[in-house]
Participant: 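Could you have a look at this structure, given as structure tokens, before my questions?
Numbers restart at 1 for each chain; the letters A, B, ... are given by sequence-line order, proteins then strands.
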Number of protein chains: 2
Amino acid sequence: MNHQELIQQTLARLQAEGFKSTLARRATIEALVEATDHLTAPQVVNVVHKHHPNVGRASVYRTLELMAKLGMLQISSLGAATTTYLLTGEGHHHHVICVSCRKTVEFDECVISELEQRLAKEFDFQIEGHLVELYGRCSSCRQ
Amino acid sequence: MNHQELIQQTLARLQAEGFKSTLARRATIEALVEATDHLTAPQVVNVVHKHHPNVGRASVYRTLELMAKLGMLQISSLGAATTTYLLTGEGHHHHVICVSCRKTVEFDECVISELEQRLAKEFDFQIEGHLVELYGRCSSCRQ
DNA sequence: GTATATGCAAAAAGTTTGCACAGTA
DNA sequence: TACTGTGCAAACTTTTTGCATATAC
């Protein structure tokens with residue numbers, strides 16, 4: 001699926017939930033779709049402003065909040081002090097993060113699915129996503 | 001292990017790394033030890049100020065940063081917009097978080113250990129902790 | 001046409017920094 | 001004593017809010 005399609009689909013999902021398709025929302029989704037990694041809110045604002053200088057910062061925040069509430073974003077701390085956002089679905093992967101130099105490496109394996117199903121039953125949750133991060137010390141930082 | 005012992009041990013770990021044992025650090029650790037759940041930085045500051053009104057806010061932030069760097073804290077976004085901290089080790093558990101009402105339930109099972117060992121070898125990381133969070137919609141919010 | 005959503009600007013909240021002084025080792 | 005760490009206050013960054021206007025449906 002290319003970017004335009006993904007943007008369309010994401011907007012459609014918002015519409016399906018009863019929210020309107022607007023420029024500010026499209027611009028925010030655009031920024032998230034183009035990102036290859038987690039972005040902080042101010043980073044999203046920056047990207048949005050590159051293409052659409054007239055979109056307000058508050059609208060970006062409001063869109064991020066809305067999408068997070070709908071489970072459309074993966075929210076992560078990436079082991080750092082700032083929250084970051086990434087579109088869920090597509091390119092599912094997780095991170096190993098060095099607590100010393102903040103270097104991150106990705107891995108694709110996900111051992112969560114069985115657990116997910118068990119917990120969904122146990123707590124009567126409809127699971128929509130998950131976050132798995134490992135923290136440690138990379139080889140250079142252990143010297 | 002009781003609270004006092006855990007505080008001592010945590011301070012000792014700082015000292016082992018070459019950092020001094022001070023009141024501000026003890027107060028911060030105290031707050032984290034007493035917490036039964038993740039705390040935001042401002043919450044830690046509040047607890048510290050209850051017992052030690054004269055400890056500066058900046059010192060608490062600096063201690064949190066230091067401990068995070070040393071891998072002594074589990075950092076989590078809890079699916080919300082603020083970073084939270086919890087002492088690692090002790091009472092290891094994870095959360096299922098409702099993206100709609102923010103209700104969280106805990107679970108103890110952890111399927112990460114095998115994965116952890118495999119990734120440690122593959123990327124030459126010394127893994128010190130991990131974060132696993134599931135996001136979804138609780139039964140009441142699905143009505 | 002109507003309700004939702006927006007942009008702006010100001011307020012609030014959270015975090016970081018510089019510096020003179022204090023406390024640990 | 002030497003140097004790390006502190007408290008304070010100010011600067012800075014990030015996030016939220018109120019409100020008049022614009023826009024999607």
Participant: Find the distance B:Arg26:CZ to D:dG7:C1' and express it as a whole number of Å.
Facilitator: 19 Å
Participant: Could you check whether any side-chain heavy atom of B:Ile29 comes within less than 4.5 Å of a side-chain heavy atom of B:Met67, counting everything from C-beta outward?
Facilitator: yes
Participant: Check whether any side-chain N or O of B:Arg25 sits under 3.5 Å from a backbone N or O of B:Leu11 as a donor-acceptor pair, and report yes or no.
Facilitator: no
Participant: To the nearest Å, give me how far apart CD (A:Glu65) and P (D:dT16) are.
Facilitator: 6 Å
Participant: Output the rounded distance in Å from OH (B:Tyr61) to C1' (D:dT13).
Facilitator: 12 Å
Participant: Tell me the interatomic distance from A:His52, atom NE2, to C:dC8, atom P, rounded to whole angstroms.
Facilitator: 14 Å
Participant: Could you tell me whether the side chain of B:Leu32 reaches within less than 4.5 Å of the side chain of B:Thr10, counting heavy atoms only?
Facilitator: no
Participant: Can you check the B:Leu66 CG to D:dT4 P distance for me, whole Å?
Facilitator: 14 Å
Participant: Is there a side-chain contact between B:Arg26 and B:His52, using heavy atoms and a 4.5 Å cut-off?
Facilitator: no
Participant: Side chains of B:Val96 and B:Phe107, heavy atoms from C-beta outward: is any pair under 4.5 Å?
Facilitator: yes
Participant: Using the C1' atoms of five pairs at each end, what's the angle between the two axes of the helix from C:dG1-D:dC25 to C:dA25-D:dT1, to 10 degrees?
Facilitator: 50°
Participant: Can you build the contact string for nucleotides 18-25 of chain D? Use B for base contact, S for sugar-phosphate-only contact, and - for no protein heavy atom under 4.0 Å.
Facilitator: B-----BS
Participant: Tell me the interatomic distance from B:Asn54, atom CG, to D:dG5, atom P, rounded to whole angstroms.
Facilitator: 19 Å
Participant: In terms of hydrophobic clusters joined by side-chain contacts under 4.5 Å, are B:Leu66 and B:Val47 together?
Facilitator: no
Participant: Does some side-chain heavy atom of A:Val44 sit less than 4.5 Å from a side-chain heavy atom of A:Tyr61?
Facilitator: no
Participant: Are the side chains of A:Asn46 and A:Leu39 in touch, meaning some heavy atoms are under 4.5 Å apart?
Facilitator: no
Participant: Taking CG from A:Asn46 and P from D:dT14, how many angstroms apart are they, rounded to a whole number?
Facilitator: 9 Å
Participant: Would you say that B:Met72 contacts B:Glu17 through its side chain, given a criterion of any heavy-atom pair below 4.5 Å between the two side chains?
Facilitator: no
Participant: Taking CD from B:Glu17 and C1' from D:dT4, how many angstroms apart are they, rounded to a whole number?
Facilitator: 16 Å
Participant: Check every strand shown and say whether B:Arg25 touches a base, only sugar-phosphate, or nothing at a heavy-atom separation below 4.0 Å.
Facilitator: sugar-phosphate
